[in-house]
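Remember, predicted model here, so these are calculated numbers, not experimental data. Just so it is clear: chains get the letters A, B, ... in the order the sequence lines come, proteins before strands, and each one is counted from 1.
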Amino acid sequence: MATLQHRQRACWDGVRNYQARNFLRSMQPGELFFFYHSSCPRPGIVGIGRIVSGAYPDPSALEPQSPYFDAKAGAERNPWVAVDVEFVEAFGDVIELMRLRSTPDLAQLPLLKKGNRLSVMPVSAGEWAAVLALR
DNA sequence: GCCAACGTTGGC
DNA sequence: GCCAACGTTGGC
């Protein structure tokens with residue numbers, strides 16, 4: 001997020017899960033998304049971004065030096081996609097995972113379900129509003 | 001197509 | 001670093 005904010009625009013690449021890939025592929029230019037930070041001291045939603053391109057083949061899958069390299073992908077057959085995104089808003093404070101969990105309107109959010117492994121998921125209009133209300 | 005083993009993810 | 005959970009892989 002900090003990098004995205006500084007650069008304003010970034011390529012969202014490296015998604016290597018088919019279900020998450022499908023959600024990424026369904027995103028349309030202009031759509032907003034929440035930016036969730038995981039695997040850090042305070043996991044939670046840190047801000048908002050906007051999709052600025054349709055999905056296109058993820059070039060990092062073809063780069064041997066990339067951590068996202070996929071030996072099974074090729075230029076002709078690359079199963080992975082990336083989208084371009086831009087910075088919209090950084091929240092004043094992280095909306096922490098525990099706070100998300102304690103919000104009844106978010107109970108159905110896949111993120112909060114036991115054993116969730118999805119890194120990209122849809123957010124309903126009601127869930128979107130519920131998160132914004134926590135800012 | 002089943003299913004066990006393995007690898008990865010993410011919270012704690 | 002541990003562990004729960006689940007996706008992926010590969011043998012059959």
Side-chain angles (χ1 to χ4, degrees):
Chain A
M1 186 74 177
T3 302
L4 178 59
Q5 184 170 5
H6 178 249
R7 287 189 195 154
Q8 297 297 322
R9 282 201 178 207
C11 169
W12 182 1
D13 61 6
V15 170
R16 293 293 178 269
N17 168 287
Y18 285 102
Q19 205 181 347
R21 189 258 338 245
N22 293 342
F23 287 132
L24 194 62
R25 196 151 59 187
S26 72
M27 289 178 164
Q28 300 295 322
E31 288 182 338
L32 300 177
F33 61 90
F34 287 128
F35 200 121
Y36 178 80
H37 263 187
S38 62
S39 304
C40 59
R42 297 174 67 206
I45 298 176
V46 297
I48 298 173
R50 181 185 294 113
I51 306 289
V52 294
S53 81
Y56 53 88
D58 182 348
S60 69
L62 308 179
E63 296 163 0
Q65 73 279 12
S66 168
Y68 306 122
F69 177 65
D70 179 359
K72 282 179 266 179
E76 304 297 314
R77 184 163 293 208
N78 183 349
W80 307 115
V81 301
V83 297
D84 292 335
V85 299
E86 70 180 2
F87 173 79
V88 174
E89 175 181 339
F91 296 156
D93 197 12
V94 182
I95 303 174
E96 291 190 65
L97 181 57
M98 277 181 55
R99 248 185 111 211
L100 298 173
R101 287 199 190 286
S102 65
T103 302
D105 286 347
L106 296 177
Q108 298 310 310
L109 198 62
L111 172 73
L112 306 179
K113 299 259 173 104
K114 189 175 184 181
N116 166 65
R117 317 220 4 204
L118 264 186
S119 60
V120 185
M121 67 189 69
V123 177
S124 73
E127 289 162 345
W128 185 269
V131 170
L132 290 185
L134 298 175
R135 278 182 299 180

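One atom, CG of A/Leu112, and another, P of B/dT9, lie 20 Å apart when rounded to the nearest Å. Following rounding to the nearest Å, A/Phe23 (CZ) and C/dG7 (C1') show an atom-to-atom distance of 15 Å. To the nearest angstrom, P of C/dG7 lies 13 Å from NZ of A/Lys113. Remark: P of B/dG10 and CE of A/Met121 are 9 Å apart, rounded to the nearest angstrom. In this structure, A/Leu100 places its CG atom 11 Å from P of B/dG11, rounding to the nearest Å. Separating the NZ atom of A/Lys72 from the P atom of C/dT9 is a distance of 4 Å, rounded to the nearest angstrom. One can place CZ of A/Arg101 at 13 Å from P of B/dG10, the figure rounded to the nearest angstrom. Rounded to whole Å, the distance from CD on A/Glu96 to P on B/dC12 is 10 Å.
Neither A/Trp80 nor A/Ile51 shares a network with the other; the hydrophobic side chains, linked directly or stepwise wherever heavy atoms of I, L, V, M, F, W or Y lie under 4.5 Å apart, form separate groups for each.
Relative to the side chain of A/Ser119, the nucleotides B/dG10, B/dG11, C/dA5 differ in distance, and B/dG10 lies closest. The side chain of A/Pro43 lies closest to B/dG11 when the candidates are B/dG10, C/dT9, B/dG11.
A search for salt bridge (Lys or Arg N to Asp or Glu O under 4.0 Å) contacts involving A/Arg101 returns nothing, not counting sequence neighbours. For A/Ser26, there are no side chain to side chain contact (heavy atoms under 4.5 Å, CB included) partners at least two apart in sequence or on another chain. For A/Arg99, there are no salt bridge (Lys or Arg N to Asp or Glu O under 4.0 Å) partners at least two apart in sequence or on another chain. A/Glu96 meets the salt bridge (Lys or Arg N to Asp or Glu O under 4.0 Å) test with A/Arg42; sequence neighbours excluded.
In the helix from B/dG1-C/dC12 to B/dC12-C/dG1, the terminal helix axes, each the rotation mapping four pairs' C1' atoms onto the next four within five end pairs, subtend 20°, rounded to 10°.
Listed for the A/Arg135 side chain is a donor-acceptor partner under 3.5 Å among the backbone atoms of A/Leu132. With hydrogens and angles disregarded, no donor-acceptor distance shorter than 3.5 Å links the side chain of A/Arg9 to the backbone of A/Asp84. Formation of a donor-acceptor pair under 3.5 Å by the A/Arg50 side chain with backbone atoms of A/Val88 is not found in this model.
Within the 4.0 Å cut-off from OP1 or OP2 of B/dT9, not a single side-chain nitrogen or oxygen of A/Tyr36 is found. A/Lys114 has a side-chain polar atom (N or O) that falls below the 4.0 Å cut-off from OP1 or OP2 of C/dA5.
Of the residues in residues 10-21 of chain A, those lying under 4.0 Å from DNA chain C by heavy-atom distance are A/Asn17, A/Tyr18.
Using a 4.5 Å heavy-atom cutoff, the side chains of A/Leu112 and A/Leu97 are in contact.
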